Amino acid sequence: MADNSYDAIVIGSGISGGWAAKELTEKGLKVLMLERGFNIKHLDDYKSANKDPWEFPHRGGRTQQMVQDYPVLKRDYPLNEMNLEWWANDKDCPYTEVKRFDWFRGYHLGGRSLMWGRQSYRWADLDFEANAKEGIAVDWPVRYNEIAPWYDYVEKFSGISGNKDGISHLPDGAFQPPMEFTCVEKEASAKMKEHYKGERHLIIGRVANLTQPLPGRTQCQFRNKCWLGCPFGAYFSTQSSTLPAALATGNLEVKTDAIVTKIIYDKNTKKATGVEVLGANDKITTEYKAKIVFLNASTLNSAWILMNSATDVWPDGLGSSSGQLGHNLMDHHLGVGASGLIEGYEDKYYYGRRPNGFYIPRFRNMNGEKRDYIRGFGYQGAGSRQGYSRNIAELNIGAELKEALSEPGSWSLGMGGFGEILPYHENKVTLDKSTKDKWGLNVLSIDCELKENEKNMRKDMLNDAKEMLAALGAKDITGGEGDGTPGRGIHEMGTARMGRDPKTSVLNKMNQVWDAKNVFVTDGSFMTSANCVNPSLTYMAFTARAVDFAVSEMKKGNL
């Protein structure tokens, strides 16, 4: 717009930002979406999506130069040549670690909606009530019956495939038909139910990959290359789903390479008037005005923006009056699991590369059980058959090796745990004013660690995995505990939690900043606890709900 004024501004274009833009524009508001990174155009810019491994110079791997250039990214799988540009540059965008935290970011249009794992699960009242019942942190101001209709709403549009399993603490949703088990998984599911008398479940993953077409998108082609962008639009992303819907209204303007440095706050009206933006390329500062601001820059970056805002009123930033801004940082701890061989299925195989696996929902600290920790964990895993990439030590190069590798290998069953991290006040982010990024901006300092509760939980995560595999008939079972460093789950949560009291929370139950009622935060920042399931579906539901409320309040003249 000519005067840089809009009805609403959305900061960030990832999973929650895309949803905010879609909902706001479809309700008739003129919206500006600001993305700090570069543009990625649906289909056209998925440069690696149709390449085979041998078409990459290093077969999709990493080079020593990449390892040197990306000191954080090298810690895990994101460092590879297939989509390296989709991950934030460690040197341009540094952060400091009081304690190690592996922060893997995506600074581009669509954010991590292009690279996410797509596992999509609802929360239950068990999860929303846990803090209150156990005296941890503060109570969630929301219960399942309030958010359930919004889960329905976002599942139908996003396209979540899954089975209705009737598990009370993992509510069923508005699913597309489920993907199929492999033969080994199907048998394991039946054995699990029988052996544990229905108290443990092995279900097909609930995943944001279509099994039936939706408008503008076709069903999953079982290529398992989702993190490279999908030419079929078969998995939910901003580019394939929410952005086209928002653009179709004619009400959306998108600006990339636009770093929001602060929300502009009017202390007289106690409302935001807009945002300040630094051009990532030209380094020119511009102000944009709006009646409503939706902050969806991802958990840590949203905290950073709030900390830089309204510092003339609150030295620690907008939303800091409670003393909670930046605190209660959470992730899921992982790296613990087991695997084993499954005999007797040598005449069976399966078609394609299913981008999904099985899920074992939480079963600990339920039905009166008390462990030496609270909360629990779930497992993601798969029963699959080894392919040509396996190593056969007995054979040398030549005809025998080629013949052996043309046949599938042994079946295996494996699982890895995802455990809940509690919302500790001392797990936090602050501004490091002594370190600057490429644009001369202060960076975040992260101080976060696993504590005794999580460390005790990890013992069960390992032992239970091995025990279940034995019960399911696996042989040669091996278990291990890998790196559980916070951040590796790429499920950052907290830092601007919602609650019932402005003295103990940053946001109210409608995701409004207590100190600025026309600012809404609906990415992972708002989470009051972490649960052990993947969180993105919950971000979607809360975002749609918050927009509905915000627009209603604006029409009433309350914003």
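In this text the structure is predicted, and so the values were computed from the model without any measurement.
A donor atom on one side chain and an acceptor atom on the other are found under 3.5 Å apart for Asn534 and Gln380. Side-chain contact, Asp515 with Ser321: a donor N or O sits under 3.5 Å from an acceptor N or O. Between the side chains of Ser505 and Arg500, no donor N or O sits under 3.5 Å from an acceptor N or O. In summary, the side chains of Asn251 and Lys30 do present a donor paired with an acceptor at a separation below 3.5 Å, with no hydrogens or angles considered.
By the 6.0 Å contact criterion, NZ on Lys47 is open, its count of non-hydrogen atoms from other residues, nucleotides or ligands being 12 or less. Counting non-hydrogen atoms of other residues, nucleotides and ligands closer than 6.0 Å to NZ of Lys436 gives a total above 12. Atom NZ of Lys267 has 12 or fewer heavy atoms from other residues, nucleotides or ligands within 6.0 Å. Within a 6.0 Å radius of NZ in Lys289, no more than 12 heavy atoms belonging to other residues, nucleotides or ligands are found. Remark: Lys291 NZ is loosely packed, at most 12 non-hydrogen atoms of other residues, nucleotides or ligands lying under 6.0 Å away.
For the side chain to side chain donor-acceptor pair (under 3.5 Å) test with Tyr107, the passing option among Asn89, Asp92, Asn301, Asp257 is Asn301; the others fail. Each of His333, Arg100, Arg75 was compared with Asp483 under the side chain to side chain donor-acceptor pair (under 3.5 Å) criterion, and only Arg100 meets it. Paired with Trp19 under the rule ring pair (Phe, Tyr, Trp, His ring centres under 6.0 Å), one option of Phe157, Tyr539, Trp150 passes, and it is Phe157.
The side-chain heavy atoms of Asn83 and Met115, taken from C-beta on, include a pair separated by under 4.5 Å.
A cation-pi arrangement is found for Lys51 relative to Phe56, the charged atom lying closer than 6.0 Å to the ring centre and inside a 45° cone about the ring normal. Judged by the 6.0 Å distance and 45° axis criteria, Arg36 is positioned over the aromatic ring of Trp439. The cationic group of Arg143 does not satisfy the cation-pi geometry with Trp140, failing either the under 6.0 Å distance to the six-membered ring centre or the 45° limit from the ring axis.
The aromatic ring centres of Tyr144 and Trp123 sit 6.0 Å or more apart.
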